[in-house]
2 protein chains.
Amino acid sequence: MANEKVTSNDVARLAGVSQSAVSRYFTPGSSVSKKTSEKIRVAAEQLGYRPNILARSLITGRSRIIGLVVAYLENYFYPEVVERLSKVLQEQGYHVLVFISSPASASENVDQITQEILDYQVDGIVLASASMSSELAARCHAHGVPIVLFNRSQDDERLSAVTSDNRAGGRKLAELLLSLGHEKFGYIAGFEGASTQRDREAGFLEGLAAAGKSLYRRSVGNFRYEEAQAAARRMFGSDDRPDAVFVCNDHMAFAVMDVLRFELGLEIPQDVSVVGFDDVPPARWPAYNLTTIRQDVDAMVAETIRTLMRAIDNGDDQARRVTLDGTLVVRGSTRKCPATSN
Amino acid sequence: MANEKVTSNDVARLAGVSQSAVSRYFTPGSSVSKKTSEKIRVAAEQLGYRPNILARSLITGRSRIIGLVVAYLENYFYPEVVERLSKVLQEQGYHVLVFISSPASASENVDQITQEILDYQVDGIVLASASMSSELAARCHAHGVPIVLFNRSQDDERLSAVTSDNRAGGRKLAELLLSLGHEKFGYIAGFEGASTQRDREAGFLEGLAAAGKSLYRRSVGNFRYEEAQAAARRMFGSDDRPDAVFVCNDHMAFAVMDVLRFELGLEIPQDVSVVGFDDVPPARWPAYNLTTIRQDVDAMVAETIRTLMRAIDNGDDQARRVTLDGTLVVRGSTRKCPATSN
DNA sequence: CTGAAAGCGCTAACAC
DNA sequence: GTGTTAGCGCTTTCAG
């Protein structure tokens, strides 16, 4: 087997034309006569020829590869992102090269990984996990490789970022819980270094403060299922517990609900209202039926790609910071109406 | 900005050595003197030089890219696969280029996608969804690109495949349900074209047959949450219902459990025992606590990579079909003991 | 519209 | 060890 590589030269020879004619035939904008086209088409088909993208990239300087850095595929928000992002890019002739960054070794790891990505001459980078050092961001910039932060932002204003309005989301959740007549509020935090964690909490506190309330209990779950379970045990283990809890994302909220119901024998929402953030698929499964803020993955992906393409096609150098609205989705994990009539 | 490309030539010039010396310095096996190395190291660092993998690929014929075709990221078995596969390959200096194939347009789509993959000069392909046409398989073979089918097999014996022993798994589940004293067995099928569906069902029926039993009800869920819900409604809507059901994968089993409990008011396992297949993370969450067959993702990934590397490094041409054992994991969705004493 | 020629950034013989 | 010389498969001037 292995007829191995068929090159444009082979096709040219068979078609009786020059190699550059073949190249033109496979280059969208180029002009080739009908006659030549036909000869090339036939020869190419016969040989099963397809242009070598890598060789093309070498000369055009465009690889049509987008690097994606992601860490927590166990949080079901991200599989959706990978799927949508790949799919939409695919339709535009791009493809996604995946890089998994261990959540453990934070930014050092990301820097190394980003370096590897750069080695592949990617046309752009989407950072869906962790943050990167400023030096590396600068280097990407120097290489002319646009970066967009997905679902996280960073202080560095020169980096493009697409996020939901996490702060507004946190506030909406506070307002909902307040309107339901809750009094003692718990908050289970994600990884403290994450902007999503910071903003969601800030919004929540802000919302409470506006009603003259504040947090009753706080615990950290670091975005992990097991740690969130532990946090829930600490927070709800004694009788003196919150009557409502905002868990920083749905993934952890499931863990919290499981502990409340199956370990502590509490009823949701009768004993405790639980709210999350993201609206991943299990949130609408009856077993959880979780009130949450929906992040519009499709819109976020669309904005990410728009940002990327603007930079790639027009060399648009400016950072673009897009914040999308999140929708409050009220389900059964929160009380139906205020305890005291409204 | 944009100092753009720094080439090995630039480094060579700055270091006062030849360009090939620089190339050697960055090629693991090559020999460069300490002195030269040092000069190159300094110059490269100063310029921020890194070898262009694409240019290297052009000449070595190795891209260090593995194409991964996947469709159902909503089935949480696959995110685990993407993560593990990417991670382990990454450690070996390879990276994963993702291709999403719409589950809708089956094999035609896969063929087109595989063609695109080939254009990237990948060193290997992992097909974690759908099957491919024999012609295309032949073409990959011709190009010397190894393919491995992940979690599915195909009649074509020339294709490598890594699967769990789905048949044995189905049988184990039948035996468990029989040992628990169940009498009326339901089966909710996945997509009928899938080998996993076929083998799991065959094993289950085989296990029932060995005890002189057969299926009481059967319905199709096509591996989708919503369709599985509908299947459950059909199967359990009337009083004349099974007392145990095997759902072809965990993802659908969650849908079935949700319908049984929250729509039909049935108790699991008192009224019905439910078993699934895969052991995805939510299966062990207390809300589901699902008895299932664990597919060992790590082992499957390891075998996949072994198969790939054997073909890439040694040009090993032979198909390798690996079948791994699945472990029965008994949890709370099945009765604790037989109704009639054992 | 077409072919000849140059060269993208790199590796791999080949002599020295 | 090290530099020189050819290309890898392709796009892109440049003449014609």
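Excluded from the calculations below are hydrogen atoms, water molecules and symmetry mates; all remaining heavy atoms, backbone and side chain alike, are included. In the text below, chain A, chain B and the rest are named by the order of the sequence lines, each starting its count at 1.
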How many Å lie between [atom1] on [X] and [atom2] on [N], as a whole number?
| X | N | atom1 | atom2 | answer |
| --- | --- | --- | --- | --- |
| Arg13(B) | dG3(D) | CZ | C1' | 16 Å |
| Arg62(A) | dC8(C) | CZ | P | 18 Å |
| Leu58(A) | dG7(D) | CG | C1' | 12 Å |
| Arg24(A) | dC10(D) | CZ | C1' | 13 Å |
| Glu38(B) | dT2(D) | CD | P | 13 Å |
| Gln121(B) | dG9(D) | CD | P | 9 Å |
| Asn52(A) | dG7(D) | CG | P | 18 Å |
| Tyr25(A) | dT2(C) | OH | C1' | 17 Å |

Over 60° means perpendicular and under 30° means parallel, so tell me whether His95(B) and Phe99(A) are parallel, tilted or perpendicular. tilted

Measure from the side chain of [X], starting at C-beta and using heavy atoms only, and say which of [options] lies closest.
| X | options | value |
| --- | --- | --- |
| Val17(A) | dG3(C), dT2(D), dT11(D) | dG3(C) |
| Ile59(A) | dC10(C), dG7(C), dA4(C) | dG7(C) |
| Thr36(A) | dC1(C), dT2(D), dG7(C) | dC1(C) |
| Arg56(A) | dT11(C), dC10(D), dG9(C) | dC10(D) |
| Lys5(A) | dG9(D), dT4(D), dA12(C) | dG9(D) |

Does a side-chain N-to-carboxylate-O contact under 4.0 Å join Arg64(B) and Asp123(B)? no

Any base atoms under 4.0 Å from Val32(B), or only sugar-phosphate, or nothing? Heavy atoms, all strands.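 Here Val32(B) touches the backbone only, sparing every base.
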
Using a heavy-atom cut-off of 4.0 Å across all strands, would you classify Ser33(A) as base, sugar-phosphate, or nothing?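 The residue Ser33(A) makes sugar-phosphate contact but no base contact.
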
Do Val301(B) and Lys87(B) have side chains that approach each other closer than 4.5 Å (heavy atoms only, starting at C-beta)?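 Of all side-chain heavy-atom pairs linking Lys87(B) with Val301(B), none is under 4.5 Å.
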
Report yes if some heavy atom in the side chain of Gln90(A) is under 4.5 Å from a heavy atom in the side chain of Val98(B); otherwise report no.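 No. Closest side-chain heavy atoms not under 4.5 Å.
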
Can you check whether Phe77(B) and Tyr72(B) have ring centres sitting under 6.0 Å from each other? no

Looking at Ser20(A) and dA4(C), is any side-chain donor or acceptor paired with a base atom of the opposite kind under 3.5 Å? yes

Position toward the 5' end of DNA chain D (nearest nucleotide), Gln19(A) or Ser18(B): Ser18(B)

Verify the contact: side-chain N or O of Ser23(B) to OP1 or OP2 of dT11(C), cut-off strictly under 4.0 Å; return yes or no. yes

